[in-house]
Amino acid sequence: MLAVNNVKLSTGATMPQLGFGVWQVPDAEATPAVAEALKAGYRSIDTAAAYGNESGVGQAIAQSDVDRDDVFVTTKLWNADHGHDKTLRAFDSSLRKLGLDVLDLYLIHWPTPARDLYVDTWKAFVELQKEGRVRAIGVSNFQPAHLSRLIDETGVAPAVNQIELHPYLQQTELRAFHAEHGIQTEAWSPLGQGGELLSDPVVAEIAARHGRSAAQVVLRWHLQIGNVVIPKSVTPSRIRENIAVFDFELSDEEVAALSTLDRGGRIGPNPDQLN
Ligand code: NAD
């Protein structure tokens with residue numbers, strides 16, 4: 001098993017470039033799934049208050065042989081908890097459920113622009129970071145306009161923006177904005193939720209050439225263009241397969257071939273519209 005590469009965030013903290021996502025994993029199933037992931041070598045777990053499985057994730061971390069300090073834990077503030085005071089309460093609740101004293105990364109889950117509270121929420125995030133209760137703060141599903149507003153009104157850029165990103169939705173404009181402002185791009189649904197993308201002929205051809213699975217080729221594409229990825233699976237063999245991507249490399253031509261697949265193929269909600 002080869003070690004997962006780390007990226008350096010603007011805060012100076014390091015974050016594994018590949019982690020384990022637990023969306024749609026029920027609380028009770030999250031404990032064995034995260035235990036399996038830790039055993040397979042994952043050292044980053046991505047949960048959210050809205051996933052309802054922070055307790056299950058926390059139990060797996062507590063029961064594991066892996067040191068707490070060797071696991072990078074991310075959770076997210078849900079939409080109904082936007083606003084300064086509600087954010088502080090929601091953070092306490094998440095930390096309690098996770099059974100942690102300090103969180104590695106806290107994200108605003110969605111900007112929910114119609115509420116118009118994400119700047120107040122962000123100010124509370126900045127306080128939590130200053131108090132040392134969270135090591136890095138970031139956002140999720142923020143569009144360039146939302147990011148610009150945070151930076152203009154608070155002077156603090158998010159360390160990370162976690163967005164839907166896969167070869168069918170490459171988010172070129174956002175990735176360029178991130179590069180300009182030192183924001184790490186993190187890809188959610190990196191495998192396109194295991195749909196059509198994994199049987200795309202271009203992916204299949206490259207996979208056959210390397211004797212690898214389609215999922216592994218898509219994950220390599222992400223890693224080689226600099227994204228952090230958090231693929232999800234509850235199947236032990238796939239959990240292991242998805243981390244076994246640090247012992248081969250795509251050629252520049254193969255990366256370019258995958259980069260031609262962009263077709264604006266959004267699976268999840270449009271962040272400008274979700275409230
Ligand atoms: P994903 O792209 O990781 O796909 C997961 C699905 O792909 C699995 O359920 C399975 O059906 C399939 N799969 C996984 N490994 C496979 C393999 N090796 N071979 C074939 N099929 C495989 O999709 P996701 O779960 O939506 O996204 C990953 C994580 O991103 C989530 O668990 C969550 O942590 C995060 N996420 C965040 C947001 C957000 O709004 N911030 C939204 C969605 C997901």
Side-chain angles (χ1 to χ4, degrees), residues 15-27 29-30 33-34 36-37 40 42 44-54 56-57 60 72-79 94 98 104-112 118 137-143 146 158 160-171 174 184-200 203-204 207 210 212-223 227-245 265-275:
M15 176 179 192
Q17 202 182 354
L18 184 144
F20 186 64
V22 294
W23 180 42
Q24 293 178 320
V25 182
D27 206 21
E29 285 171 44
V34 171
E36 191 69 39
Y42 292 76
S44 166
I45 313 293
D46 181 83
T47 182
Y51 301 170
N53 57 20
E54 290 171 310
V57 167
F72 188 100
V73 184
T74 301
T75 194
K76 315 185 192 83
L77 174 101
W78 187 236
N79 303 345
S94 283
L98 284 162
D104 296 282
L105 177 64
Y106 199 32
L107 303 178
I108 303 181
H109 207 145
W110 293 88
T112 71
Y118 61 83
I137 53 175
V139 295
S140 178
N141 300 303
F142 273 48
Q143 303 276 45
H146 310 132
V160 171
N161 188 15
Q162 184 186 113
I163 53 174
E164 182 181 345
L165 204 174
H166 40 75
Y168 285 168
L169 180 72
Q170 296 188 18
Q171 303 270 25
L174 261 171
Q184 173 64 49
T185 302
E186 182 173 19
W188 66 253
S189 294
L191 301 173
Q193 296 185 5
E196 206 188 326
L197 172 66
L198 297 187
S199 43
D200 188 286
V203 177
H210 286 272
R212 296 287 176 151
S213 70
Q216 290 175 317
V217 164
V218 170
L219 292 171
R220 258 329 292 182
W221 172 81
H222 282 284
L223 297 171
N227 297 338
V228 166
V229 283
I230 42 169
K232 175 226 158 180
S233 175
V234 289
T235 309
S237 59
R238 284 177 170 175
I239 290 175
R240 290 192 295 274
E241 176 184 323
N242 292 345
I243 198 177
V245 291
R266 198 184 278 285
I267 303 169
N270 181 327
D272 289 314
Q273 284 153 16
L274 187 107
N275 286 295

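Every number for a ligand or one of its atoms is a count from 1 in the order of the listing.
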Students should be able to answer this: which protein heavy-atom is nearest to [atom], and at what distance?
atom                    : answer
atom 2 (O) of ligand 1  : L191 N, 2.7 Å
atom 12 (C) of ligand 1 : G194 CA, 3.8 Å
atom 31 (C) of ligand 1 : W23 CB, 3.4 Å
atom 11 (O) of ligand 1 : R238 NH1, 4.1 Å
atom 29 (C) of ligand 1 : I230 O, 3.2 Å

Under a 4.0 angstrom heavy-atom cut-off, which atoms of ligand 1 come close to [X]?
X    : value
A215 : 17 (C), 18 (N), 19 (N)
E241 : 17 (C), 18 (N), 19 (N)
L198 : 20 (C), 21 (N)
H109 : 39 (C), 40 (O), 41 (N)
D46  : 33 (C), 34 (O), 35 (C)

### Query
Which value, rounded to the nearest 0.5 Å, describes the distance between L191 atom CG and H166 atom NE2?
10.0 Å
### Message
To the nearest 0.5 Å, what is the distance between CG on L77 and CD1 on I137?
### Response
12.0 Å
### Query
Between K76 and D46, is there a salt bridge with N-O shorter than 4.0 Å?
yes
### Summary
The answer for which part of S189 has a heavy atom under 4.0 Å from ligand 1 is both
### Query
Heavy atom under 4.0 Å from ligand 1: found in N141's side chain, backbone, both, or neither?
side chain
### Query
Counting only N and O atoms by type, is there a donor-acceptor contact under 3.5 Å from the side chain of Q162 to the main-chain atoms of N141?
no
### Query
Is there a donor-acceptor pair under 3.5 Å between the side chain of T112 and the backbone N or O of N275?
no
So for [X], does at least one of its heavy atoms come nearer than 4.0 angstrom to any atom of ligand 1?
X    : answer
P231 : yes
P190 : yes
W110 : yes

### Task
May I ask you to decide if the ring planes of Y51 and W23 are parallel, tilted or perpendicular, using 30° and 60° as cut-offs?
tilted
Measure from [atom] to every heavy atom in [options] and give the option owning the shortest one.
atom                    : options                : value
atom 3 (O) of ligand 1  : Q193, E186, K232, E164 : K232
atom 33 (C) of ligand 1 : Y51, W188, F20         : Y51
atom 18 (N) of ligand 1 : L107, N242, I267       : N242

### Task
Evaluate the side-chain proximity of F20 to S44: yes if any heavy-atom separation is below 4.5 Å, no if none is.
no
### Query
Are side-chain heavy atoms of Q17 and V229 found at a separation under 4.5 Å?
no
### Query
When you look at E186 and I163, which way does the side chain to side chain contact (heavy atoms under 4.5 Å, CB included) test go after all the steps?
CA-CA 6 Å; E186 182 173 19; I163 53 174; over 6 Å; no
### Message
Can you give me the closest heavy-atom contact between L107 and V139, atom names plus distance?
### Response
CD2-N, 3.6 Å
Compile the donor-acceptor pairs under 3.5 Å between side chains in residues 213-221 and protein atoms, sequence neighbours left out, one pair per line.
from	atom 1	to	atom 2	distance (Å)
S213	OG	Q216	N	3.1
S213	OG	Q216	OE1	3.4
S213	OG	E241	OE2	2.6
Q216	OE1	S213	N	3.0
Q216	NE2	E241	O	3.1
Q216	NE2	A244	O	3.2
R220	NE	Q224	OE1	3.0
R220	NE	F248	O	3.2
R220	NH1	V245	O	2.7
R220	NH1	F248	O	3.3
R220	NH2	Q224	OE1	3.3
W221	NE1	S259	OG	3.1

### Query
Based purely on interatomic distance, does K76 place a nitrogen or oxygen under 3.5 Å from a nitrogen or oxygen of ligand 1?
no
### Query
Is there a donor-acceptor contact under 3.5 Å linking the side chains of E54 and S94?
yes
